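Structure, as C-alpha cells:
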Amino acid sequence: MSTLLYVQSSLYGAQGTSSQLAESFVGQWLSGNPGGRVIRRDLAADPAPHLTAERFQAFNTAPEARTPEQQAVVAYSDALIDELRSADTIVLGVPMYNFSVPSTLRTYFDHIARAGVTFRYTSAGPEGLLAGRRAYVFVTRAGVYGAAADTQVPYLRQFLGFIGIESEFVFAEGLGLGEESRRRSLGEARAQIADLAAIAQAA
Ligand SMILES: Cc1cc2nc3c(=O)[nH]c(=O)nc-3n(C[C@H](O)[C@H](O)[C@H](O)COP(=O)(O)O)c2cc1C
C-alpha cells in the first residue's frame with residue numbers, strides 16, 4: 001500500500017495557500033491511489049521543539065547509556081523518522097517567511113537529520129538513508145525570486161537530497177503583487193499539480 005506523508009508548515013494551518021496547493025495534490029494522489037494512506041503533520045498546530053545541546057547530546061549518547069529524559073528525546077525523533085520511513089511519497093507545503101522556510105519546518109528538519117539513522121558519512125562522502133522516496137514541495141511567496149535570489153529551493157533540495165529523498169517543486173510566486181498576478185500564479189501552480197499528480201500515479 002502506498003503511503004503519503006504530508007507535512008504542512010504554514011502558520012495558517014490548512015487555510016494557508018501553500019497548504020491548499022499541497023492538499024489539492026494530496027486529493028489527486030488519493031484519487032489515483034484509492035487504497036493509499038495519508039499521514040498528516042501540521043507543524044503550526046504541533047511544532048517540534050527547538051534543538052538544544054541537551055537534545056543533541058541525547059542523539060549522540062549510546063542507547064544503553066541514555067537517561068530516561070534522553071530516551072524520551074530520542075523516542076520523539078525516532079517517531080518522526082518512522083513516520084517518514086513509512087511513506088513512499090512526501091508532500092511539503094512551504095511558504096516563504098522572511099526569505100527562508102518557516103522556522104517550524106527548519107526545526108522539524110533538526111529532528112529528522114540523524115547521523116547513522118537518516119544519513120551517514122562514508123569514504124565516498126555523505127549517503128542519505130531514506131532513498132526510494134520522492135518529495136513534492138509546494139512553495140508560495142508574495143514576491144518573485146529568480147534562481148539567484150531563491151533562498152528556499154536550493155536549501156530544500158540539498159537537505160532532502162542529503163537524507164536520500166529526491167524532490168520536485170511547484171511554485172506560486174508573486175502572490176502579493178496584485179489580484180491578476182495572484183490569479184495567474186495560482187492557476188499555473190494548479191495546472192502543474194494536475195500534471196505532477198498524474199506522474200506520481202504512473203510511478
Ligand atoms: C511572517 C511572514 C513573512 C513573510 N516573508 C516573506 C518573504 O520574505 N518573501 C515573500 O515573498 N513573501 C513573504 N511572505 C508572504 C508569504 O510568503 C505569502 O503570503 C505566502 O502565500 C504565505 O503562504 P501560506 O498562506 O501558506 O502561509 C511572508 C508572510 C508572512 C506571514
Side-chain angles (χ1 to χ4, degrees), residues 3-31 36 38-51 80 83-84 87 89-113 133-163 165-200:
T3 298
L4 181 153
L5 170 64
Y6 168 29
V7 179
Q8 71 185 31
S9 61
S10 170
L11 52 83
Y12 302 114
Q15 303 309 312
T17 309
S18 57
S19 310
Q20 288 175 9
L21 291 178
E23 192 68 55
S24 151
F25 176 88
V26 172
Q28 292 179 48
W29 182 88
L30 260 180
S31 308
V38 175
I39 305 169
R40 286 185 164 74
R41 179 159 289 279
D42 179 349
L43 296 177
D46 187 14
H50 272 120
L51 202 57
L80 294 181
E83 192 174 75
L84 200 50
T89 302
I90 321 292
V91 171
L92 299 178
V94 187
M96 176 177 275
Y97 292 155
N98 298 312
F99 306 101
S100 185
V101 301
S103 56
T104 50
L105 184 63
R106 178 63 188 75
T107 303
Y108 168 79
F109 286 166
D110 283 339
H111 290 269
I112 61 169
R133 292 162 184 79
R134 183 171 285 271
Y136 298 90
V137 186
F138 299 89
V139 174
T140 53
R141 301 137 171 205
V144 174
Y145 301 84
D150 190 334
T151 49
Q152 285 186 307
V153 175
Y155 166 68
L156 288 166
R157 204 185 286 287
Q158 183 164 26
F159 177 80
L160 293 167
F162 184 69
I163 57 173
I165 300 176
E166 289 178 36
S167 49
E168 304 253 10
F169 290 81
V170 172
F171 302 86
E173 293 199 303
L175 298 178
L177 303 182
E179 200 38 52
E180 172 54 21
S181 170
R182 183 178 177 84
R183 198 188 54 72
R184 190 179 54 244
S185 184
L186 289 175
E188 286 170 6
R190 292 221 160 84
Q192 256 186 290
I193 288 170
D195 290 347
L196 264 189
I199 294 167

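Counting starts at 1 for both ligands and their atoms, following the listed order. Computed from a predicted model, the values in this text were never measured in an experiment. We use all heavy atoms of the structure for the numbers below, so side chains are in, but hydrogens, waters and symmetry mates are not.
If you take OH on Y6 and CG on L92, they are separated by 9.5 Å, rounding to the nearest 0.5 Å. In this structure, OG1 in T17 is found 4.5 Å from CZ in R182, a value given to the nearest 0.5 Å.
Taking the six-membered ring where the residue is Trp, F99 and Y145 present perpendicular rings, their angle passing 60° and hence far from 30°.
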Kindly print each ligand 1 N/O atom paired with any protein N/O atom under 3.5 angstrom away, one pair per line, or none if nothing qualifies.
{"residue": "ligand 1", "atom": "5 (N)", "partner": "N98", "partner atom": "N", "Å": "2.8"}
{"residue": "ligand 1", "atom": "8 (O)", "partner": "N98", "partner atom": "N", "Å": "3.2"}
{"residue": "ligand 1", "atom": "8 (O)", "partner": "F99", "partner atom": "N", "Å": "2.8"}
{"residue": "ligand 1", "atom": "9 (N)", "partner": "Y145", "partner atom": "OH", "Å": "2.8"}
{"residue": "ligand 1", "atom": "11 (O)", "partner": "A142", "partner atom": "N", "Å": "3.2"}
{"residue": "ligand 1", "atom": "11 (O)", "partner": "G143", "partner atom": "N", "Å": "2.8"}
{"residue": "ligand 1", "atom": "11 (O)", "partner": "Y145", "partner atom": "OH", "Å": "2.7"}
{"residue": "ligand 1", "atom": "12 (N)", "partner": "A142", "partner atom": "N", "Å": "3.3"}
{"residue": "ligand 1", "atom": "14 (N)", "partner": "M96", "partner atom": "O", "Å": "3.3"}
{"residue": "ligand 1", "atom": "17 (O)", "partner": "M96", "partner atom": "O", "Å": "2.7"}
{"residue": "ligand 1", "atom": "23 (O)", "partner": "T140", "partner atom": "OG1", "Å": "3.0"}
{"residue": "ligand 1", "atom": "25 (O)", "partner": "T17", "partner atom": "N", "Å": "2.8"}
{"residue": "ligand 1", "atom": "26 (O)", "partner": "S10", "partner atom": "OG", "Å": "3.4"}
{"residue": "ligand 1", "atom": "26 (O)", "partner": "T17", "partner atom": "N", "Å": "3.1"}
{"residue": "ligand 1", "atom": "26 (O)", "partner": "S18", "partner atom": "N", "Å": "2.8"}
{"residue": "ligand 1", "atom": "26 (O)", "partner": "S18", "partner atom": "OG", "Å": "2.6"}
{"residue": "ligand 1", "atom": "27 (O)", "partner": "S10", "partner atom": "OG", "Å": "2.7"}
{"residue": "ligand 1", "atom": "27 (O)", "partner": "Y97", "partner atom": "OH", "Å": "2.7"}

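Smallest separation of non-hydrogen atoms from S10 and G16: OG-CA, 3.5 Å. Nearest approach of V94 to P102, heavy atoms of both residues: CG1-CD, 3.8 Å.
Listed by chain and residue number, E173, L177 satisfy the side chain to side chain contact (heavy atoms under 4.5 Å, CB included) test with V144 (two or more places apart in sequence, or in another chain).
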